[in-house]
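Notes follow once the structure below has been shown.
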Amino acid sequence: MTSPTDLSLVEDDDAQARFDELVAHEQRIEPRDWMPEAYRKTLIRQISQHAHSEIIGMQPEGNWITRAPSLKRKAILMAKVQDEAGHGLYLYSAAQTLGITRDTMTQQLIDGKAKYSSIFNYPTPTWADMGAIGWLVDGAAIVNQVPLCRASYGPYGRAMVRICKEESFHQRQGFEILLQLMQGTDEQREMAQDAVNRWYWPSLAMFGPPDDESPNSAQSMKWKIKRFSNDALRQRFVGMLVPQAEILGITLPDPELRYNEETGAYDMGEIDWDEFYEVLRGNGPCNAERIERRRTAHEEGAWVREAAAEYARKQALRAKEVA
Ligand code: BYC
């Protein structure tokens, strides 16, 4: 005789087989589908961290909106920062389909319990930082995120398609800021080079720890959430930067960087992984400031959330009265 527990095991086995088959055949897993608990958890982890990165990522650039050097630059920068807010919202929505609420994710962020990209814990002291962020940070984001458009989880992959389109505009605007500075005065060229010197290594670290120290990669690749390893994407990024740096006339600050004919890839110097882990532990130059700013904005925005909820309540009441 089969007990109820045995039956649920049989069901789970069938569901697991169906899930495996969908993933193997490049089909999408949708919110209504059964999925292993570990797959759900991994997605919530990655998508919520990604959403937080977009939201915190508004701060380093937001710093320059009121000080942009021209009306045109200000309008472009404002549009870009608004795009980041939009990316955060698509991603929070995708994460919500997995059974976590936006309130919970926000609370985790402002309590300092959630991770977000290490890159946004560095300061933006000059206008050239807007160029370096666009060229390097958004450039890294594109290389990392284009493969995520094919992530096995439907809502995540679809959100990434829209995000990647906007990221390419972001990357170009950064490149163009640097290009203009590099065609300017000696002082402007120095400012551009200095910004690239400061953002280059942290942008390489954005791809995550080396493959042999990346605990999540193997499983995420089996599930087809990630399609390439951290090191493979980092390598692709450097290959993309070298010819662009030549056009800009900017030097990438790695004396060990050279093309290796045998491997067909660039050899590069060692990333400062101690610095990376320190930033992840909350000890980067701007971690505390970023979280504090987010917490304040959340608290100061409470009246907007309350007003929206009250408006929705009144609308629902009115609809009921009419019916
Ligand atoms: N910063 O096993 P691993 C943007 C963590 S948004 C902080 O390799 P995984 C943009 C990792 O979470 C940029 N933490 O992990 C926005 C894990 O910790 P937990 C964000 C990092 O998930 C505005 C541990 O280290 N992009 O571009 O397989 C303006 C071990 O790592 C970082 C995304 O989120 C880091 N850099 O791979 C402009 C893309 N790297 O969770 C631009 C989506 C690693 O086990 N995410 N960690 O405690 C991904 O592709 C992957 O999550 C990662 C890491 C490649 C980042």
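Note: hydrogens, waters and symmetry copies are ignored here, and every other heavy atom, side chains too, is used. Whatever order the structure lists ligands and atoms in, that order sets their numbers, starting from 1.
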Those atoms of ligand 1 less than 4.0 Å from some heavy atom in [X]:
| X | answer |
| --- | --- |
| Leu148 | 43 (C) |
| Pro209 | 8 (O), 30 (C), 31 (O), 44 (C) |
| Met206 | 27 (O), 36 (N) |
| Asn230 | 8 (O), 55 (C) |
| Tyr156 | 43 (C) |
| Ser117 | 1 (N), 7 (C), 13 (C), 20 (C), 36 (N) |
| Ser53 | 6 (S), 13 (C), 20 (C) |
| Phe207 | 55 (C) |

Practice item. Determine the interplanar angle of the Phe276 and Trp273 rings, folded into 0 to 90°, and report it as parallel if under 30°, tilted if 30 to 60°, perpendicular if over 60°. Key: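 Rings of Phe276 and Trp273: perpendicular, as their planes differ by over 60°.
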Exercise for review: Over 60° means perpendicular and under 30° means parallel, so classify the ring planes of Phe207 and Phe237, tilted if in between.
Suggested key: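 It falls in the tilted class, 30° to 60°.
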Say whether [X] and [Y], considering side chains only, have a donor N or O and an acceptor N or O under 3.5 Å apart.
| X | Y | value |
| --- | --- | --- |
| Gln193 | Asn197 | yes |
| Asp231 | Gln235 | no |
| Arg198 | Tyr122 | no |

Exercise for review: Check if Pro215 has a non-hydrogen atom at a distance under 4.0 Å from any atom of ligand 1.
Suggested key: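 The answer is yes, since Pro215 has a heavy atom less than 4.0 Å from ligand 1.
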Review point. Does Tyr277 have a non-hydrogen atom less than 4.0 Å from ligand 1?
Key: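 So Tyr277 does not count as touching ligand 1.
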Using a plain distance cutoff, I'd like to know if [X] has any nitrogen or oxygen under 3.5 Å from a nitrogen or oxygen of ligand 1.
| X | answer |
| --- | --- |
| Ser214 | yes |
| Glu167 | no |
| Glu61 | no |
| Glu54 | no |

[X], [atom1] atom: more than 12 neighbouring heavy atoms under 6.0 Å:
| X | atom1 | value |
| --- | --- | --- |
| Glu26 | CD | yes |
| Arg305 | CZ | yes |
| Glu187 | CD | no |

Could you tell me the residue and atom name of the protein heavy atom closest to [atom], and the distance to it rounded to 0.1 Å?
| atom | answer |
| --- | --- |
| atom 45 (O) of ligand 1 | Asn216 ND2, 3.2 Å |
| atom 35 (C) of ligand 1 | Ser118 OG, 3.6 Å |
| atom 50 (O) of ligand 1 | Asn144 ND2, 3.0 Å |
| atom 19 (P) of ligand 1 | Lys115 NZ, 3.6 Å |
| atom 38 (C) of ligand 1 | Asp138 OD1, 3.2 Å |

Is the contact between [X] and ligand 1 made by the side chain, the backbone, both, or neither, using heavy atoms and a 4.0 Å cut-off?
| X | answer |
| --- | --- |
| His170 | neither |
| His87 | neither |
| Phe276 | side chain |
| Lys226 | side chain |
| Phe120 | side chain |

Check your understanding: When hydrophobic residues are tied together by side-chain contacts of less than 4.5 Å, even through go-betweens, does Trp135 share a cluster with Phe169?
Key ->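 Different clusters.
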Review point. Is there side-chain contact between Tyr200 and Ile250, with heavy atoms separated by less than 4.5 Å?
Key: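 Answer no - side chains too far apart.
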Review point. With a 4.5 Å heavy-atom cut-off, do Ser229 and Ser214 have their side chains touching?
Key: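 Not in contact.
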Practice item. Is it possible for you to check whether Arg236 lies under 6.0 Å from the centre of the six-membered ring of Phe228, through NZ or CZ, and within 45° of that ring's axis? Key: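 So Arg236 does make the cation-pi contact.
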Review point. Is any heavy atom of the protein nearer than 4.0 Å to atom 17 (C) of ligand 1?
Key: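 Protein heavy atoms within 4.0 Å of atom 17 (C) of ligand 1 - there is at least one.
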Check your understanding: In terms of side-chain geometry, is the basic nitrogen of Arg18 or Glu21 positioned less than 4.0 Å from the acidic oxygen of its partner?
Key ->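 Between Glu21 and Arg18 there is no salt bridge, as every charged N stays at least 4.0 Å from the carboxylate O atoms.
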**Study point:** Residue among Tyr92, Phe120, Tyr116 satisfying ring-ring contact (aromatic ring centres under 6.0 Å, His included) with His52
**Key:**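 Answer to the ring-ring contact (aromatic ring centres under 6.0 Å, His included) test with His52 among Tyr92, Phe120, Tyr116: Tyr92.
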